[in-house]
Amino acid sequence: MTKADSNVDRIYEKLRKMAAYFELKPDARINESALSTELGASRTPLREALNRLVAEGFLTFQRVAAVSFAAP
């Protein structure tokens with residue numbers, strides 16, 4: 001596993017925990033820039049983690065490139 005992969009995994013796990021504890025609300029718009037600052041990560045690994053969560057059904061893409069957590 002490369003450092004980039006482990007960084008994506010770290011961000012992915014943090015986002016899942018944030019969703020589980022409702023730190024990120026269902027249907028709330030996600031600001032990538034603010035979230036990358038909060039997580040101390042660049043936007044590229046953040047986007048990779050977000051795409052992984054979309055593939056798993058935790059996130060949905062909305063028009064205008066907005067991303068939000070899917071409602072249960």
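Computed from a predicted model, the values in this text were never measured in an experiment.
- Between the CG atom in Leu46 and the CG atom in Asn51 there is a gap of 9.5 Å [rounded to 0.5 Å].
- Partners of Asn31 by side-chain contact (heavy atoms from CB on, under 4.5 Å), not counting sequence neighbours, listed by chain and number: Ser33, Ala34.
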Quiz: residues 14-28 side-chain donor-acceptor pairs under 3.5 angstrom, not counting sequence neighbours:
| unit_1 | atom_1 | unit_2 | atom_2 | d |
| --- | --- | --- | --- | --- |
| Arg16 | NH1 | Tyr12 | OH | 3.1 |
| Lys25 | NZ | Phe22 | O | 2.6 |

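- Leu50 has its side chain out of reach of Val54: every pair of non-hydrogen atoms, C-beta onward, lies at least 4.5 Å apart.
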Before you tell me yes or no, could you show the steps for Ile11 and Arg47 under side chain to side chain contact (heavy atoms under 4.5 Å, CB included), namely the whole-Å CA-CA distance, both residues' side-chain angles and the distance that decides it to 0.1 Å? CA-CA 10 Å; Ile11 295 166; Arg47 286 181 180 153; over 6 Å; no
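- Among all heavy-atom pairs drawn from Ala41 and Arg10, the shortest one is CB-NH2, 3.9 Å.
- If you take CD on Glu38 and CG on Leu35, they are separated by 6.0 Å, rounding to the nearest 0.5 Å.
- For the atom pair CD (Glu48) and OG (Ser42), the distance works out to 8.5 Å, reported to the nearest 0.5 Å.
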